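Quick caveat, the model's predicted, so the values are computed rather than measured.
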Amino acid sequence: MLRITDILDKTQSYLPAEELEMIEKAYVYSATVHQGQVRLSGEPYLTHPMEVAGILADMKLDSAAVISGLLHDTVEDTLTTQEHIEEEFGKDVAFLVGGLTKLSLISFGSQEERQAENFRKMILAMSADIRILLVRLADRIHNMRTLQYQPQDRKIYIAKETMDIYAPLANRLGINWMKMELEDLSFQYLYSAEYSELSRRVVKSDESRNRYTEEVKSIIRSELEKYSIKGEVEGRAKHLYSIFKKMNEQNIKFDEVYDLIAFRIILDSDNVKSCYEALSTVHALWKPVPGRFKDYIAMPKANNYQSLHTTVVGPYGERVEIQIRTRTMHEWAEKGIAAHWRYKEGRAYTNNEDNQIKKLRETLEIQQDIKDPREFMSNLKLALFPEEVYVFTPNGDVKAFPKGATPIDFAYSVHTDVGNQCIGAKVNRNIVPLRYELQNGDRVEITTQAGHHPSKDWLKFVVTTRAISKIRNWINLEEKKSSLDLGRDLLDKEFKRHNLKFGNYVKSEEIKKIFTEYSVNSLDDLISQVGFGRVSPKQIVNHFLTDEEIKPAEPIIEKVKKKTAATPSLGISLTGIEDVMVKFAKCCNPIPGDEIAGYISRGRGVTVHTRNCPHIKNLDVDRIVIVEWNVREKHAYPVHIKVVCGDRKGVLTEVSSTISSFDINISYAQVETTDLLATCHFVIDVNDLHQLNQVQAAIKQLKIVKSIERIRKT
């Protein structure tokens, strides 16, 4: 267990004595309020805040951040209040602890809503103080290091959240060591079999790889000395998840991953010119691989990362990846925003730091207006998407976009009006479709027309959260206008059927009571609810009729229940909806274990889709309901898988035998051959996602198999 003396030893090199005393005071306070609490590992709970504070001290953050690491769970898990924290440690620490405290005392309808609101709160607080995010990342690092003590379902949930949100956040802040550790720890629990196998293969190849590494480093050092270029040469293995990701993306086996080692030339000079001199030296030494050079110095990544990347054919014909950077660039590449922390009085952020924080805040704050928790989390993950392309404006300015971005995304990045009024685009002076995917180096021009409006179809191919948000906002406003007109018309007609005039009741006290009943704030909101079909006009009129005149109206979900209650729900119940006909969408074929959402079909019950199904994103949001698996008995669910193998005799039989060994029925099998490959298509009946993963892992072990994937219709 980390001791307070260890933390003080770490911080005394950069903090004054009086601040060390406050850290020690925070330790005593945390130990007192957490006394008697234990973690799932059986250790005293205090070990967790101590480890978090130790990570923050290693990052050389200020005393307020280190103290917040010691106190970050006190308000949530003890009787301590934020006011008491402020009295003891000041406003700065109290604000950080408040921003780190989760919304544990509020009741939510689902785990997803709770997750979304906790992230929303963190982002809002982070906008005022980036240290909140740094402490939260340190907290997640230690939780991931001790994840083995959690139940299996929690391990998967936490690891997935870490991979989707926290690792990309660390990446956006430029904290490379943290990003890599979070990815590898998540990889260990999300793909345990693959992690174990890859770990074994990497260790097995260590000895020969270390000899090769030293040989390459020695050659590079000698060449640099020859041209009086001073610097340090490093060589280290890539982290496991990056190797796994490369194998998956390129459909290759471990033995085919040639650049397992990344070499770095870290130059003593901070002159950018020296980087290009070192590059020409390397290219003179070994032949560069075409298309494998990237200049992140001229065009830095979104997280301000700068370096030259090149791949060359090194000794023995092996491909070698080499990164070249100055020492200042290297410090940022490894530690990011934490490497240049400037929170002390009298010191300010550098321009790079300020721009990086500003970009991250802008990226995240745009999510704040999204009310639906599913959409919020989906867009948050999209906003943190790390792969980028760089394009030029007509004036020569560089803009960065996520991979897959289109001219529409570019237009909205210029201005909302430019996006809304976009009617066409030119890329490199050639007219392109609006769904064209931008490539590195493209020069983009947008054509607009006054009075033109966004199309709902744009949502099918735009990728930036700004574009998605602006298009949705416009569509929602237009739909609200339409719903107001329709709702008012429906209400007028319904009131007239009872010889009443709707206009006579719009300012009555009774109508204000209806606002409360239907959780709306104004008459327009109530009328919109009627126009959208969420509230029946009969329900409104009933408030102004006698009991004898009333015929109760039914909301949508009740109608669905009534029409479909007699129909079986495939042997499962979905939390939040009971006695309703349930069917599974054929476009995505969800199985237990998949994240799912339900869509209320008119008169046909609830259709269940996977959350990432492209079709559900285009359906009426107001008819989408939160559902969860609650399997009471085993059922067989059809899943389509595609297995790509080396083409040889008996390939179909070999893969089929592996599937059958799990006592799984194969309802369809077909093999197609092209060149030296055989593509096998199977439809198999599995019980859940866990069983599917087991089957896929077993098939991957076959020597003939190149790749395997689950197929969903689009």
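By the 4.5 Å heavy-atom criterion applied to side chains, I219 and P315 are counted as neighbours. Within the 4.5 Å cutoff, the side chain of R325 has no heavy atoms near those of the Q306 side chain. By the 4.5 Å heavy-atom criterion applied to side chains, I158 and N143 are not counted as neighbours. In this structure the side chain of V643 reaches within 4.5 angstrom of the side chain of I699, judged on heavy atoms. Annotation: side chain of T326 is in contact with side chain of C275 (closest heavy-atom distance under 4.5 Å). Side-chain contact between L677 and T673: absent, with no pair of heavy atoms (C-beta onward) separated by less than 4.5 Å.
The pair R221-E232 does not count as a salt bridge, with every side-chain nitrogen at least 4.0 angstrom from each carboxylate oxygen. Taking a cutoff of 4.0 Å between a charged side-chain nitrogen and a carboxylate oxygen, R327 and D268 qualify as a salt bridge. Salt bridge status for K10 with D6: absent, with no side-chain N to carboxylate O gap under 4.0 Å. Using a 4.0 Å cut-off between charged nitrogen and carboxylate oxygen, K179 and E183 count as a salt-bridge pair.
In this structure a side-chain-to-backbone donor-acceptor pair under 3.5 Å is missing from S469 to R466. A donor-acceptor pair under 3.5 Å is absent between the side-chain atoms of S13 and the main chain of D9, judged by distance alone. With S186 contributing its side chain and A159 its backbone, the two residues share a donor-acceptor pair below 3.5 Å. A side-chain donor-acceptor contact under 3.5 Å links S199 to the backbone of Y195. Of the possible polar contacts, one joining the Y189 side chain to the Q148 backbone as a donor-acceptor pair under 3.5 Å is found. Under a 3.5 Å cut-off, the side chain of S192 and the backbone N or O of Q188 do not form any donor-acceptor pair. Judged by distance alone, the side chain of T146 and the main-chain N or O of H142 form a donor-acceptor pair under 3.5 Å. Checked by atom type and distance alone, the side chain of R443 pairs as donor or acceptor with a backbone atom of P394 at under 3.5 Å. The closest donor-acceptor contact from the side chain of D184 to the backbone of E181 lies at 3.5 Å or more, if one exists at all. Using a distance-only test at 3.5 Å, with no hydrogens or angles considered, no donor-acceptor pair links the side chain of E437 to the main chain of G404.
Using modelled atom types, one finds no donor on one side chain facing an acceptor on the other under 3.5 Å when comparing Y191 with N693. Side chain to side chain, D295 and Y276 meet the donor-acceptor criterion of an N or O pair below 3.5 Å. For the residue pair D409 / T406, a side-chain donor-acceptor distance below 3.5 Å is found, with atom types taken as modelled.
The shortest heavy-atom contact between G235 and F263 is CA-CD2, 3.8 Å. The shortest non-hydrogen separation linking F187 to M163 is N-CE, 3.9 Å. Residues V135 and A65 approach most closely at CG2-O, 3.9 Å, considering heavy atoms. Here the shortest heavy-atom pairing between K217 and V233 reads CE-O, 3.6 Å. Heavy-atom minimum distance, L56 versus Y14: O-OH, 4.3 Å. Of all the heavy atoms in R140 and T162, the pair that sits closest is NH1-OG1, 2.8 Å.
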Worked verdict on V313 versus W286 for side-chain contact (heavy atoms from CB on, under 4.5 Å): CA-CA 6 Å; V313 180; W286 293 306; 5.8 Å; no

N430/K426 under side-chain contact (heavy atoms from CB on, under 4.5 Å): CA gap, chis, key distance, verdict: CA-CA 5 Å; N430 296 315; K426 286 184 179 180; over 6 Å; no

Check against side-chain hydrogen bond (donor to acceptor under 3.5 Å, both in side chains), E321 and Q323: CA-CA 7 Å; E321 181 185 307; Q323 301 167 0; 3.2 Å; yes

Residue pair V272, M329: steps toward the side-chain contact (heavy atoms from CB on, under 4.5 Å) verdict: CA-CA 10 Å; V272 171; M329 292 174 189; 4.0 Å; yes

V463 vs F401, side-chain contact (heavy atoms from CB on, under 4.5 Å): CA-CA, chis, key distance, verdict: CA-CA 9 Å; V463 299; F401 292 94; over 6 Å; no

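Residues meeting the salt bridge (Lys or Arg N to Asp or Glu O under 4.0 Å) test with E51, sequence neighbours left out: none.
Note: Y316 and Y212 have tilted aromatic rings, judged against thresholds of 30 and 60 degrees for the angle between ring planes. Classification of the H309-Y305 ring pair by plane angle, with boundaries at 30° and 60°, yields perpendicular.
For the salt bridge (Lys or Arg N to Asp or Glu O under 4.0 Å) condition, the pairs that include at least one residue of residues 693-710, sequence neighbours left out, are E194-K700, D594-R710, K642-E709.
More than 12 non-hydrogen atoms from other residues, nucleotides or ligands lie less than 6.0 angstrom from CZ of R145.
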